[in-house]
Amino acid sequence: MATLKLTALRKNFGPVEVLHGIDLALTSGEMLVIVGASGCGKSTLLRLVAGLEAITSGAIELDGRDVARLDPAERDIAMVFQNYALYPHMSVFDNMAYALKIRGLTKPDIAARVRETAEMLGLAPLLARKPRQLSGGQRQRVAMGRAIVRHPKLFLFDEPLSNLDATLRVTMRAEIKRLQRRMAVTSLYVTHDQVEAMTLGDRLLVLHEGRAVQLATPMEVFERPANTYVAGFIGAPAMNFLPGALSHGGTAVSLDLGPVIPFADGKRDGAAGQRLTIGIRPEHIAPVPPGTDPTGLELQVDLLEPLGSETIVIGRLPNNELLSVKLPKNDAPTHSMRVAFPATHLHVFDAGTGLRLDPT
Amino acid sequence: MNNRTDWTAHIVLGLGVLLFLLPVWLVFSASTQNPAMIGRGELSFIPGTGLDVYWKVLTEGAPGVAPVWHLLLVSFGMAMAIAIGKILISVLSAYAIAFFRFPFRLACFWMIFFTLMLPVEVRIIPTYAVMAGFGLINTFTGLTMPLIASATATLLLRQTFLAIPDELVEAARMDGAGPLRFLRDILLPVSAANIAALFVILFVYGWNQYLWPLLVATDSRLDTIVIGIVKMIGADTSVEWNRVMATAVLAMLPPVAIVVLMQHWFVKGLTEGDK
């Protein structure tokens with residue numbers, strides 16, 4: 001149970017700056033998920049907190065104590081690695097006991113703590129086995145156990161589920177969430193998987209090219225993405241973007257394709273004709289019967305992706321741009337359809353900066 | 001693949017085995033025969049009955065040479081000292097080169113690498129001079145120490161260590177293992193198979209040393225088995241070939257025993273990929 005505070009954290013690899021000043025504060029027991037595409041610096045951020053890489057400048061405070069210059073072991077942080085990093089020559093018991101042994105706990109204490117953790121994770125029958133005799137999910141669990149048994153102040157997860165198959169990933173995801181809630185240990189969780197990010201995090205930090213672009217709850221990130229990058233990154237299939245310009249005194253957008261859509265949530269600041277990017281999620285695009293809606297657009301069906309519970313239609317707009325639409329199961333058209341963009345579900349971004357424009 | 005026995009392969013393999021076994025068999029056969037017959041060039045493929053020659057050479061040796069048990073002991077001591085010494089030094093130097101960032105690390109690595117171009121034979125005279133300067137001629141230390149410094153083992157172990165996943169090193173760091181503890185608890189056990197394979201190779205290397213022992217140890221108490229065999233042949237009196245051959249057979253046994261004993265580890269070390 002501890003708070004974590006990062007202040008103006010920077011990291012250079014030689015002349016290349018990979019993290020451009022990250023500020024972050026975690027409350028005690030919070031699970032914060034760091035999400036971003038590969039190369040965005042999310043793993044580097046985690047390794048800085050762990051102490052596996054030296055920071056270039058800034059501060060890392062764990063429970064009010066600056067740990068930025070300390071050795072990993074002195075920080076009281078445990079980490080779950082992507083490839084589990086279990087010691088191959090040690091039994092499950094020894095893997096879990098190793099850190100405790102180094103700290104000089106007595107044998108009965110170690111045995112008691114390892115057993116307690118093993119019970120909690122359902123590892124008790126496996127304690128004598130070697131890592132190579134375990135399945136992927138079991139190894140994952142041992143890696144978690146090795147972290148938990150230390151009772152650390154902070155958990156770090158470095159894409160812990162990315163080596164598991166899809167079914168197991170869902171199970172382990174739920175298990176991690178339950179465990180984290182139950183133990184209420186402050187945690188940083190790095191992933192590139194947006195489903196993991198949405199389901200696990202109390203809050204999300206979206207990283208893009210070494211900068212924090214949005215820090216908010218998962219639902220807020222989904223509903224009010226801070227810029228076009230976040231909007232396109234979170235949500236599957238990805239959000240559609242259409243170019244347009246501000247019109248009608250800031251109360252509507254006139255899309256380059258023709259339709260003019262009024263803003264349902266209010267007026268935007270800006271000169272008439274200011275370039276905008278309008279985002280709309282595939283599930284919010286409404287099919288309309290021909291001729292009923294003047295703002296409708298003709299869509300030529302290019303590809304159908306039936307997912308069982310729904311169908312993704314990827315079609316071409318009159319200007320040949322691609323647009324994806326998510327439809328309920330049986331509504332899939334075969335050749336073309338007419339779609340409209342409901343005013344209530346528009347995301348408005350500045351075309352130049354990509355930043356979200358909120359109503360004034 | 002089919003399940004039929006591949007006779008061609010078996011025949012080729014059989015011929016190969018025969019080819020390698022033939023000289024060994026000849027040596028064994030000769031050791032049991034009458035030395036006078038061998039001297040006349042009447043060497044038979046069929047072994048004689050003189051098996052007692054083994055006991056004789058072990059306890060008595062041959063004219064001008066120490067008993068073979070003593071020769072074997074010296075050779076065994078030398079080979080073990082070289083193998084263990086080389087591994088101790090190589091583990092530490094490879095550990096430093098593979099895991100630590102220190103000034104001139106690359107320079108150190110290349111210096112070690114370049115010594116590969118200077119085998120014992122090339123540097124034998126200066127080495128002798130150094131040993132003489134230390135007063136180590138005719139000592140066990142002088143016999144073994146110059147052969148211990150080894151680039152080959154360092155390079156092999158460096159590769160082994162580099163193949164260990166970074167995450168394992170990092171996990172140990174997070175667990176609070178310091179450098180020496182990591183070496184002892186994680187690195188050595190994980191590389192055990194490779195080190196065992198290296199041990200076998202180095203033991204045989206040490207066992208087969210000839211030139212250096214010949215030069216540095218003139219005292220017959222420090223004669224190795226290889227030197228002993230040569231001395232037996234070089235004796236002024238007529239050569240007792242059965243004793244020479246018996247000694248040769250005895251000289252083969254320890255390396256074979258080491259290979260057989262460590263075969264499991266040896267093969268694992270050469271073939272194992274998953275760490």
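Below, chain A is the first sequence line, B the second, and so on; all start at residue 1.
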| Closest non-hydrogen atom pair, Leu168(B) against Leu86(A) | CD1-O, 3.2 Å
| Is it the backbone or the side chain of Arg103(A) that comes under 4.5 Å from a heavy atom of chain B, or both, or neither? | neither
| Heavy-atom pairs under 4.5 Å with chain B, option from Leu156(A), Ile102(A), Asp71(A), Val80(A) with the top count | Ile102(A)
| Under 6.0 Å from the CZ atom of Phe104(B), do we count more than 12 heavy atoms belonging to anything else shown? | no
| request: Using the side-chain contact (heavy atoms from CB on, under 4.5 Å) rule, take Met79(A) and Glu170(B) through it: C-alpha gap first, then chi angles, then the decisive distance, then the call. | output: CA-CA 9 Å; Met79(A) 185 157 169; Glu170(B) 286 167 357; 5.6 Å; no
| query | Side chain, backbone, both or neither: which part of Arg75(A) has an atom under 4.5 Å from a heavy atom of chain B? | reply | neither
| request: Side chain from CB out, backbone as N, CA, C, O: work out which of these in Ala78(A) comes under 4.5 Å of a heavy atom of chain B, or both, or neither. | output: backbone
| said: Heavy-atom pairs under 4.5 Å with chain A - which of Ala171(B), Ala192(B), Gly176(B), Pro189(B) has more of them than the others? | reply: Ala171(B)
| said: Using a 6.0 Å cut-off, check whether atom CZ of Phe109(B) has over 12 heavy atoms from anything other than its own residue. | reply: yes
| message | Check this for me: Phe134(B), atom CZ, are more than 12 non-hydrogen atoms of other residues, nucleotides or ligands nearer than 6.0 Å? | response | no
| Residue pair Asp185(B), Lys101(A): steps toward the side-chain contact (heavy atoms from CB on, under 4.5 Å) verdict | CA-CA 11 Å; Asp185(B) 289 351; Lys101(A) 239 178 244 171; over 6 Å; no
| What pair of heavy atoms forms the shortest contact from Pro88(A) to Val190(B), and how long is it? | CG-CG2, 3.8 Å
| task | Over all heavy atoms of both residues, which pair between Arg173(B) and Leu52(A) is shortest? Give the atoms and the distance, please. | result | NH1-O, 3.8 Å
| request: Give the C-alpha distance, both sets of side-chain angles, the deciding distance and a yes or no for side-chain contact (heavy atoms from CB on, under 4.5 Å) between Asp175(B) and Tyr87(A). | output: CA-CA 11 Å; Asp175(B) 273 349; Tyr87(A) 309 123; 2.7 Å; yes
| said: Would you say that more than 12 heavy atoms from the other residues, nucleotides or ligands in this model lie under 6.0 Å from the CZ of Phe20(B), or not? | reply: no
| query | Taking all non-hydrogen atoms of both residues, which atom of Met174(B) and which atom of Phe81(A) are closest, and how far apart? | reply | CG-CZ, 4.2 Å
| remark: Nearest heavy-atom contact between Tyr98(A) and Ala177(B) is OH-CB, 3.7 Å
| query | Tell me, side chain or backbone of Gln82(A) under 4.5 Å from chain B's heavy atoms, or both, or neither? | reply | both
